[in-house]
Amino acid sequence: MLPPELIVGRRIACRVEVTSKKRLLETLGELLASASSTLSPETVFERLVERERLGSTGLGHGIALPHARMPEIKEPIGAFAQLTSGIDYDAIDGARVDLAFALLVPEAANEMHLKLLSYLAGKFSDPVLRAQLRGATSPDEILALLDDPVPPGDA
């Protein structure tokens with residue numbers, strides 16, 4: 001289960017039209033920065049891009065999990081974007097990305113960071129959940145799917 005307040009409806013973008021990885025990261029940066037007055041969209045975007053330079057966060061199956069550490073925050077922050085069509089993201093399987101969960105964690109939160117990334121990667125490995133996220137029509141519907149502790153394929 002995701003930590004409380006990690007992801008909330010106002011940080012979920014539904015049916016977004018973006019045409020590039022850069023624009024997706026900018027959009028996610030804006031959503032993430034809205035969680036704290038200490039964050040700017042530009043700074044968050046820069047940190048996400050820095051991380052992407054180390055290697056693509058495209059997990060495969062149309063999912064991206066961009067993430068970064070931020071000294072300005074005390075708790076992890078998440079944002080989600082569902083795209084109208086897939087974009088080239090240099091994913092491990094070459095698939096175009098149309099679902100992205102962005103994650104910011106405090107600078108020193110090594111174990112928390114790894115646990116959240118592992119949990120999210122496992123959650124997004126479920127083809128039923130991916131299909132449901134792609135078919136969702138509102139932030140509230142996406143939030144309910146993301147918050148569900150039981151994976152759809154196991155229900």
Side-chain angles (χ1 to χ4, degrees), residues 1-14 16 18 20-83 86-93 95-126 129-130 132-134 136 139-152:
M1 189 164 194
L2 295 173
E5 300 301 310
L6 174 69
I7 182 85
V8 294
R10 69 183 176 277
R11 291 196 305 270
I12 295 174
C14 197
V16 179
V18 298
S20 69
K21 182 177 184 176
K22 177 181 183 262
R23 185 62 193 125
L24 174 58
L25 294 175
E26 287 172 342
T27 298
L28 291 167
E30 292 164 8
L31 291 169
L32 290 164
S34 72
S36 172
S37 61
T38 63
L39 297 174
S40 75
E42 298 80 16
T43 302
V44 174
F45 168 72
E46 288 169 12
R47 294 304 285 269
L48 292 174
V49 169
E50 279 176 27
R51 170 56 191 84
E52 285 299 318
R53 287 190 187 117
L54 299 175
S56 177
T57 58
L59 300 179
H61 304 287
I63 301 284
L65 191 50
H67 53 279
R69 297 176 190 276
M70 301 290 296
E72 300 89 341
I73 63 172
K74 304 255 186 281
E75 297 294 327
I77 301 169
F80 186 84
Q82 173 208 59
L83 309 183
I87 59 165
D88 184 25
Y89 199 90
D90 301 318
I92 194 166
D93 63 355
R96 295 171 70 78
V97 164
D98 63 347
L99 299 172
F101 191 107
L103 179 66
L104 296 180
V105 294
E107 191 74 47
N110 292 333
E111 188 174 335
M112 175 195 307
H113 190 176
L114 294 175
K115 283 183 178 180
L116 279 171
L117 288 174
S118 176
Y119 177 82
L120 289 165
K123 192 168 185 72
F124 293 130
S125 70
D126 184 339
L129 175 63
R130 292 192 308 262
Q132 290 175 328
L133 288 168
R134 288 183 174 109
D140 287 340
E141 191 177 347
I142 290 171
L143 184 60
L145 290 166
L146 294 173
D147 272 346
D148 188 351
V150 179

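For reference, positions follow the sequence shown, starting with 1.
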So, [X] side chain and [Y] main chain: donor-acceptor pair closer than 3.5 Å or not?
X    : Y    : value
Q132 : L145 : no
S125 : G122 : yes
D90  : G58  : no
S56  : Y89  : yes
R130 : F124 : yes

When you check the gap from the basic side-chain N to the acidic O, do R47 and E107 get nearer than 4.0 Å?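 Salt bridge between R47 and E107, a charged N being under 4.0 Å from a carboxylate O: yes.
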
Is any side-chain N of the basic residue among R53 and E46 closer than 4.0 Å to the acidic one's carboxylate O? no

Determine whether [X] and [Y] make a side-chain contact, defined as any pair of heavy atoms from C-beta on separated by less than 4.5 Å.
X    : Y    : result
I7   : D147 : yes
Q82  : C14  : yes
I142 : L133 : yes
L120 : L59  : no
F101 : L6   : yes
L99  : H61  : no

I need the [X] [atom1] to [Y] [atom2] distance, nearest 0.5 Å.
X    : Y    : atom1 : atom2 : value
M112 : L103 : CE    : CG    : 9.5 Å
L24  : I87  : CG    : CD1   : 4.5 Å
R23  : L28  : CZ    : CG    : 9.5 Å
L104 : I73  : CG    : CD1   : 5.0 Å

Heavy-atom pair with the smallest gap, counting every atom of [X] and [Y]:
X    : Y    : result
I12  : P139 : CD1-O, 3.6 Å
P41  : A33  : N-CB, 3.5 Å
L48  : G29  : CD1-N, 4.3 Å
G62  : R134 : CA-NH2, 3.5 Å
L116 : P3   : CD2-CD, 3.7 Å
V18  : T27  : CG1-OG1, 3.9 Å

Report the C-alpha separation of D88 and R96 in whole Å, then their side-chain angles, then the decisive distance to 0.1 Å, and conclude whether the side-chain contact (heavy atoms from CB on, under 4.5 Å) test is met. CA-CA 5 Å; D88 184 25; R96 295 171 70 78; 4.2 Å; yes

Taking side chain to side chain donor-acceptor pair (under 3.5 Å) as the criterion, tell me which of K21, E52, R51 meets it with T57. E52

Are there more than 12 heavy atoms of other residues, nucleotides or ligands under 6.0 Å from atom [atom1] of [X]?
X    : atom1 : answer
E75  : CD    : no
R10  : CZ    : no
L114 : CG    : yes

Test log, rule side-chain contact (heavy atoms from CB on, under 4.5 Å), inputs R11 and V8: CA-CA 6 Å; R11 291 196 305 270; V8 294; 3.4 Å; yes

How are the rings of H113 and H67 set relative to one another: parallel (under 30°), tilted (30 to 60°) or perpendicular (over 60°)?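 Perpendicular: the ring planes of H113 and H67 meet at over 60°.
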
For side-chain contact (heavy atoms from CB on, under 4.5 Å), just list the numbers for L32 and M70, CA-CA rounded to whole Å, side-chain angles, deciding distance to a tenth of an Å, and then say yes or no. CA-CA 11 Å; L32 290 164; M70 301 290 296; over 6 Å; no

